[in-house]
Number of protein chains: 2
Amino acid sequence: MPLQTLPDDLDISHIRSSCATCSLRELCLPVGLNEEEIQILGNLASHKRKIPRGGYLHHAGSNFQSLFAIRSGFFKTCILEQDGRQQVTGFHMTGELLGLDAISGEMHTCDAVALEDSEVCEIPFAKLEEISRTIPSLMHHFHKIMSREIVRDHGVMLLLGSMKAEERLATFLLNLSRRLVMRGYSEYNFNLRMTREEIGSYLGLKLETVSRAFSKLQDENIITIDNKQVQINDIGRLKMKMGNSACLR
Amino acid sequence: MPLQTLPDDLDISHIRSSCATCSLRELCLPVGLNEEEIQILGNLASHKRKIPRGGYLHHAGSNFQSLFAIRSGFFKTCILEQDGRQQVTGFHMTGELLGLDAISGEMHTCDAVALEDSEVCEIPFAKLEEISRTIPSLMHHFHKIMSREIVRDHGVMLLLGSMKAEERLATFLLNLSRRLVMRGYSEYNFNLRMTREEIGSYLGLKLETVSRAFSKLQDENIITIDNKQVQINDIGRLKMKMGNSACLR
DNA sequence: TGCCTTGATTGATCTGAGTCAAAGCTATTA
DNA sequence: TAATAGCTTTGACTCAGATCAATCAAGGCA
């Protein structure tokens, strides 16, 4: 998909700067946005918000108005079933985008809850659309980012159906690891922000099964786990555990 | 998300007409494309292709060049694992769009195989992008269609993880039914184009379990199933079988 | 027509994960 | 610092679904 170039006479002086380029740079560069486009996007994200641990960024059913770039912190997205139990649909870390769940409609389809004190940049979607009228490539790129994130999750979930508990957990850990290293964090040593129950909900397992699977991986010296602190000792064997599920990239 | 309007002086005389509006109309109207835009899209789909039963529309790893609107027929998409077994990732019927798997990259991530003699309209993506330069709303709408289809699948798959066999099958049947009725087919009476094994692969079940679940639903008089022919006798109770999984719309 | 392949059904057995329960650990708050 | 509520781990038991296996039905072809 070839890139469109920006018009030379582009006037962006009317856009107020405030949040600088946020964490959007890492997000946008691989997709092919140039510096100027990132700058515009960053400037768009004019509104900064702090969300305390346990706080909600958006609710299921609420009007879709903004996308959110996570500056710092960690979120889960979840839906509330009729019976009151909640199903975790995803985890979202610093540098990633939130609000995509509403992209095909007018409402958010899930809640977004902070799992630690977090900070986000709000990107008003109306403004994004307005500017896209001048710079069509912007929306194009944005859609590309979005479908990439959606497809990434989709790919993982698809395969869970036929996986055993240990394979699911290995897949989950490697997915986290890969995303962390992309953001400049350690690949082998990280902190789980979510509980065993939340992991279980996401993976379609019970919390006890998650715990047992962690213990088993530790017994085999593949990982070391101390409460929420994970260390991957043998990433090769961890990848083996994933099974022959291709296409997790 | 408000619509953009088409420029009044739009010149589309250079676009050759051939495939008329295909089956795209039903696809596009709900998303908000106007008649003129649909016309353009339809004209874009210049190349018509017949795919015989068992034939491939695209392969995993092949270059992404076109989207395909299914004029008639039925497809499965699947990925080949390292061990040679295949994982079905989706089913696609008349009036739906194929090729979305490649939307975030340059390559197709799965194979698309016809489950019966089929006919598709090819929509060259390069042309789509070219025209989008004149009519930015077009690409916007298209992305919206795409994310809607992806999100729809995603939502279903997410919940499979925690479902029992019978719930999965009920969900599957109701999903098929809903899509068929949208295309003007019977809601309660349809033909499965795929085998028990393919259903199982898609749902994360073994073919025997699929067969048993069908039998059980028949014993309870909820459906009648004769080989590939399905009749839904009691859609209310079938929906009950889905369990309390919200958000399947 | 009968052979052969492919897909569907059904039964018997086994195993992985859910369920229930108890006890240990951590973090938060008074 | 103690009290308490929320996580985590581990064990014992149960059951849904995988596995193995046999049989049956339908369609293609010599």
Side-chain angles (χ1 to χ4, degrees), chain A residues 52-55 74 76 83 85-88 113 115-117 159-173 191-220 223-230 241 243-244, chain B residues 52-54 74 76 83 85-88 113 115-117 160-173 191-220 223-230 241 243-244:
Chain A
R53 184 163 179 276
F74 203 95
K76 71 172 173 185
D83 58 10
R85 295 170 358 117
Q86 71 169 25
Q87 157 87 36
V88 174
V113 184
L115 295 182
E116 60 182 0
D117 292 349
L159 296 158
L160 286 184
S162 51
M163 279 191 192
K164 296 189 187 305
E166 213 178 30
E167 296 173 322
R168 296 188 194 203
L169 198 62
T171 306
F172 171 72
L173 288 175
N191 211 282
L192 299 172
R193 261 57 189 229
M194 67 299 279
T195 67
R196 304 288 190 261
E197 189 169 19
E198 287 162 337
I199 297 173
S201 173
Y202 179 62
L203 295 178
L205 300 170
K206 290 292 149 184
L207 68 98
E208 295 95 328
T209 309
V210 172
S211 179
R212 277 184 242 272
F214 270 135
S215 300
K216 179 130 184 287
L217 288 175
Q218 180 160 246
D219 289 347
E220 299 177 47
I223 64 171
T224 307
I225 181 149
D226 179 19
N227 208 3
K228 297 236 197 297
Q229 194 63 37
V230 175
K241 287 283 174 186
N244 26 24
Chain B
R53 184 162 180 276
F74 204 94
K76 71 172 173 185
D83 59 10
R85 290 162 11 109
Q86 71 170 25
Q87 158 86 38
V88 174
V113 184
L115 295 182
E116 59 181 2
D117 292 349
L160 286 184
S162 50
M163 280 191 190
K164 295 192 187 303
E166 213 178 30
E167 296 174 322
R168 297 188 194 203
L169 199 62
T171 306
F172 171 74
L173 287 175
N191 212 283
L192 299 172
R193 261 55 188 231
M194 67 298 279
T195 67
R196 303 290 190 263
E197 189 168 19
E198 285 162 337
I199 297 173
S201 172
Y202 179 62
L203 295 177
L205 300 170
K206 291 292 150 181
L207 69 99
E208 294 95 330
T209 307
V210 173
S211 180
R212 278 184 243 270
F214 270 134
S215 299
K216 180 131 181 286
L217 287 176
Q218 180 160 246
D219 289 348
E220 300 176 46
I223 64 170
T224 306
I225 181 150
D226 179 19
N227 208 359
K228 296 235 196 301
Q229 195 63 36
V230 175
K241 288 282 176 186
N244 27 24

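In what follows, chains are A, B, ... by sequence order, proteins preceding strands, each numbered from 1.
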Provide, to the nearest angstrom, the distance between the CZ atom belonging to B:Arg53 and the P atom belonging to D:dG27.
-> 11 Å
Listed by chain and number, what are the salt bridge (charged side-chain N to carboxylate O under 4.0 Å, His left out) partners of A:Arg193, not counting sequence neighbours?
-> A:Glu116
Which pairs with one or both residues in residues 195-205 of chain B pass salt bridge (charged side-chain N to carboxylate O under 4.0 Å, His left out), sequence neighbours excluded?
-> B:Lys76-B:Glu198
Rounded to the nearest Å, what distance is computed from the CG atom of residue A:Asp219 to the C1' atom of nucleotide D:dT10?
-> 12 Å
Under 4.0 Å: is that the gap between some side-chain N or O of A:Arg196 and OP1 or OP2 of D:dC7?
-> no
Covered region of DNA chain C, 5' end to 3' end, by chain A [heavy atoms, under 4.0 Å] | C:dA17 to C:dT26
When you measure from every atom of DNA chain D, which of residues 204-212 of chain B have a heavy atom less than 4.0 Å away?
-> B:Gly204, B:Leu205, B:Lys206, B:Glu208, B:Thr209, B:Arg212
With a 4.5 Å limit on heavy-atom distance, are the side chains of B:Val230 and B:Asn191 in contact?
-> no
Nearest-0.5 Å distance, CD1 of residue B:Ile199 to CG of residue B:Leu205 | 10.0 Å
With the side chain counted from C-beta on, respond yes when B:Thr195 and B:Leu207 share a heavy-atom pair under 4.5 Å apart, and no when they do not.
-> no
Atom CE in B:Met163, atom OG1 in B:Thr171: separation rounded to 0.5 Å?
-> 3.5 Å
Taking CZ from B:Phe214 and P from D:dG17, how many angstroms apart are they, rounded to a whole number?
-> 15 Å
Would you name the heavy atoms of B:Gln86 and B:Ser201 that are closest together and state the gap between them?
-> O-OG, 3.4 Å
Distance in angstrom units between B:Gln229 CD and D:dA26 C1', rounded | 16 Å
Between CG of B:Leu217 and CG of B:Leu173, what distance do you get to the nearest 0.5 Å?
-> 7.0 Å
Do any pairs count as a salt bridge (charged side-chain N to carboxylate O under 4.0 Å, His left out) and have a residue in residues 202-216 of chain A, sequence neighbours left out, and if so which ones?
-> A:Glu166-A:Lys216, A:Lys216-A:Glu220
Side chains of A:Leu192 and A:Phe214: closer than 4.5 Å at any heavy-atom pair?
-> yes
Gap between atoms NZ and P, on A:Lys164 and D:dA16 respectively (whole Å) | 17 Å
Bend angle of the helix from C:dT1-D:dA30 to C:dA30-D:dT1 from five-pair axes at both ends, rounded to 10°?
-> 40°
A:Gln218 side, atom CD; A:Ile225 side, atom CD1 - distance, nearest 0.5 Å = 7.0 Å
Roughly how many Å is it from CD in B:Glu167 to C1' in D:dA16, rounded to a whole number?
-> 12 Å
If only side-chain N and O atoms of A:Lys228 are considered, is one of them under 4.0 Å from the OP1 or OP2 phosphate oxygen of D:dC7?
-> no
Taken to the nearest whole Å, CG/A:Leu217 to P/D:dT10 is 13 Å
